[in-house]
Amino acid sequence: MTYHAQQGAGQCPVYQPAHNGPLPIHGPTFSANPHHTYERLRTQGPVAPVEIEPGIWGYLAVSFRAAMYLLRNNPTRFRKDPNHWEALRRGVVPPTSPALMMMGPRDNALWKDGDEHLRLRGALTSALGTVDTHQLTRTVTEIADHLIDKIAPIGTADLVAQYCDVLPMLTVNAMYQSPPAIGEQIVRTVTRLFLAGPDAAEANAALEQACLELIRHKRNYPGRDVVSSLIAAGLTDGELVPTLILLFGAAGPPPAKLIASGLLRILTDDRFAGDVHTGVHPVSAALDDVLWQDPPVPNYCPLYAQGVQVVEGVQVQPGIPILVSFAAANADPALTLGLPPGARTGNRGHLAFSAGAHACAAPDLARVICETAVERALDRLPSLTLAIPADQVPPMPGTFIAGPAALPVRFQRDNTHPTRSGRTAAA
């Protein structure tokens, strides 16, 4: 099986000998059932050509082995630097492209290789290592209760808009001790940027400005927080702004969608509905099931071949982005061959947090935020049920972020403020 690059706009990778056009990994058809697209791509091989957005082409690794090979390979074969993106170098990618906002060059650890990566990654992991997880749990609990207090007397809510999407960013702002005005601006712009919508370029500019204002504030008023730690590590403003964008992006929409998907799983899946309250299956197991089946970041981690390379028998060309599909890799039938149903319950061998040198820098912090948020919702909203059929829950439109776009629910009204339901979800 061989792929080669067809010269022309966007550098469309072509499958030989038969080619009906790369399958799109964008749009309503893809978003409604992405796993159907992954299955079709898998029939073409472990790596297949795709359309990332209209006119933007790439490859997608859809097998677990191909994903691991790419994520753990030597940077002499595959590089992270988006300046290797041929279509971008040739000016083919429009400056307003939503994909560009997610895949374009930034001076942070995610897009660097070698010594530069080690330096920026080291500063990042050291700063995140200063976070007190016990205090983080208390912070999430306080924010969750504040949000729930607003909806508890009503008896209905859209948990995505009124809880899941808001909580992680409020938590991060509290962790970073952001001034309220700057924090509000960051909350408004992060989701717009990382959902890669039509206004992503505008959102990017606004987020960069908000991050710069936060950095200036922290230079004048340093504290015991992540931003102050990054400043103390000697990062320049040109490195701090994209590093904060990386942090806000990783700590905002992905945990928000994991919280929403986890609640949806618990409310609709017989394996978890009821069990989380009796202790048979804890909340963490439900979240890991989501991370296996429907990770909030389904496709990302673009890489660029250095010369013609071969991935699991598939030849890939330089200059064309190779995305890793964490969702497709986790669903690879080879992983469950011969295993009984439910054998992966409690297994954390998924790729939802990526792998290798560029893996998520703080998966444990993400787990604390998401588990605490789900537990508080279950504890504070008695008789919580979906207000619409499960198959009518709308999915997020997008390539890079996945999860419910809305989660309409009903629950027992609580007109005594504040109260607790007296029921504790399993931890």
Side-chain angles (χ1 to χ4, degrees), residues 1-7 10-25 34-35 37-52 56-89 99 102-103 110-114 117 295 297-337 349-360 399-400:
M1 186 180 299
T2 303
Y3 295 89
H4 68 80
Q6 170 182 292
Q7 298 300 314
Q11 291 290 297
C12 170
V14 179
Y15 172 58
Q16 299 292 333
H19 175 57
N20 296 316
L23 292 177
I25 54 171
H35 282 283
T37 297
Y38 301 144
E39 289 168 6
R40 292 179 62 193
L41 290 168
R42 198 174 284 116
T43 64
Q44 300 181 23
V47 178
V50 293
E51 184 184 62
I52 300 170
I56 304 297
W57 314 99
Y59 300 106
L60 189 67
V62 294
S63 78
F64 191 88
R65 285 174 59 93
M68 291 300 293
Y69 177 83
L70 289 165
L71 294 172
R72 291 183 170 174
N73 214 306
N74 192 312
T76 59
R77 294 189 177 93
F78 297 92
R79 306 281 284 185
K80 290 290 296 181
D81 188 351
N83 289 302
H84 293 289
W85 188 359
E86 176 64 19
L88 184 62
R89 288 202 307 264
M102 294 295 293
M103 297 168 54
L110 185 60
W111 305 118
K112 299 295 183 179
D113 298 289
H117 171 256
V297 180
N299 308 293
Y300 204 42
C301 199
L303 295 155
Y304 301 88
Q306 300 301 285
V308 177
Q309 299 290 339
V310 176
V311 181
E312 293 295 305
V314 177
Q315 190 180 95
V316 296
Q317 299 294 318
I320 301 171
I322 309 169
L323 299 181
V324 174
S325 180
F326 306 119
N330 285 346
D332 187 342
L335 292 182
T336 55
L337 189 64
H350 52 70
L351 292 181
F353 294 115
S354 190
H358 291 85
C360 175
T399 302
F400 304 108

message: Once side-chain contact (heavy atoms from CB on, under 4.5 Å) is applied, do any residues pair with V308, and if so which ones, sequence neighbours excluded?
response: Q315, Q317, P318

statement: Sequence neighbours excluded, the answer for salt bridge (charged side-chain N to carboxylate O under 4.0 Å, His left out) partners of R42 is none

- request: Answer yes if the side chains of Y38 and N330 hold a donor-acceptor pair under 3.5 Å, and no otherwise.
  value: no

query: What are the two closest heavy atoms between H35 and A327, and how far apart are they?
result: CE1-O, 3.8 Å

query: Who pairs with Y69 by side chain to side chain donor-acceptor pair (under 3.5 Å), at least two apart in sequence or on another chain?
result: N73

field: From L41 atom CG to L23 atom CG, the distance as rounded to the nearest 0.5 Å
entry: 5.0 Å

Partners meeting side chain to side chain donor-acceptor pair (under 3.5 Å) with H84 (sequence neighbours left out): none

message: Contact between F64 and P46 at the side-chain level, heavy atoms closer than 4.5 Å - yes or no?
response: no

field: Flag side-chain contact, heavy atom, 4.5 Å: I25 against L323
entry: yes

Check: V62 main-chain N/O paired with S325 side-chain donor or acceptor under 3.5 Å: no

message: Per the salt bridge (charged side-chain N to carboxylate O under 4.0 Å, His left out) rule, what does the pair list look like for residues 57-73, sequence neighbours excluded?
response: R65-E312

query: How far apart are the closest heavy atoms of Y300 and L110, and which atoms are they?
result: CE2-CD2, 3.9 Å

- request: Could you note down all residue pairs passing salt bridge (charged side-chain N to carboxylate O under 4.0 Å, His left out) where residues 319-329 supplies at least one of them, sequence neighbours left out?
  value: none

message: Can you list everything that forms a side chain to side chain donor-acceptor pair (under 3.5 Å) with Q306? Sequence neighbours excluded, please.
response: none

message: Restricting to salt bridge (charged side-chain N to carboxylate O under 4.0 Å, His left out), what partner residues turn up for D113, sequence neighbours left out?
response: R79

message: My understanding is that only residues two or more places apart in sequence, or in another chain, count here; which of them pass side-chain contact (heavy atoms from CB on, under 4.5 Å) with E51?
response: P24, H26, W57

Separation of L70 CG from Q309 CD (nearest 0.5 Å): 10.0 Å

Under the ring-ring contact (aromatic ring centres under 6.0 Å, His included) test, residues paired with F326 that sit two or more places apart: none

- request: Could you list the residues that satisfy side chain to side chain donor-acceptor pair (under 3.5 Å) with K112, not counting sequence neighbours?
  value: D107

message: Can you give me the closest heavy-atom contact between V316 and A305, atom names plus distance?
response: CG2-CB, 4.2 Å

field: Close side-chain approach of V311 and F78, heavy atoms under 4.5 Å
entry: yes

query: Any chance CZ of R40 has more than 12 other-residue heavy atoms, nucleotides or ligands included, within less than 6.0 Å?
result: no

task: Taking all heavy atoms of A329 and all of L351, pick out the closest pair and write down the distance.
output: CB-CD1, 3.9 Å

- prompt: With sequence neighbours left out, what residues match H117 under ring-ring contact (aromatic ring centres under 6.0 Å, His included)?
  reply: H358

- prompt: Should P321 and M103 count as side-chain neighbours, where that means a heavy-atom distance under 4.5 Å?
  reply: yes

Straight-line distance of I52 CD1 to L60 CG, nearest 0.5 Å: 8.5 Å

query: Between W111 and M102, what is the shortest heavy-atom contact and its length?
result: CZ2-O, 3.3 Å

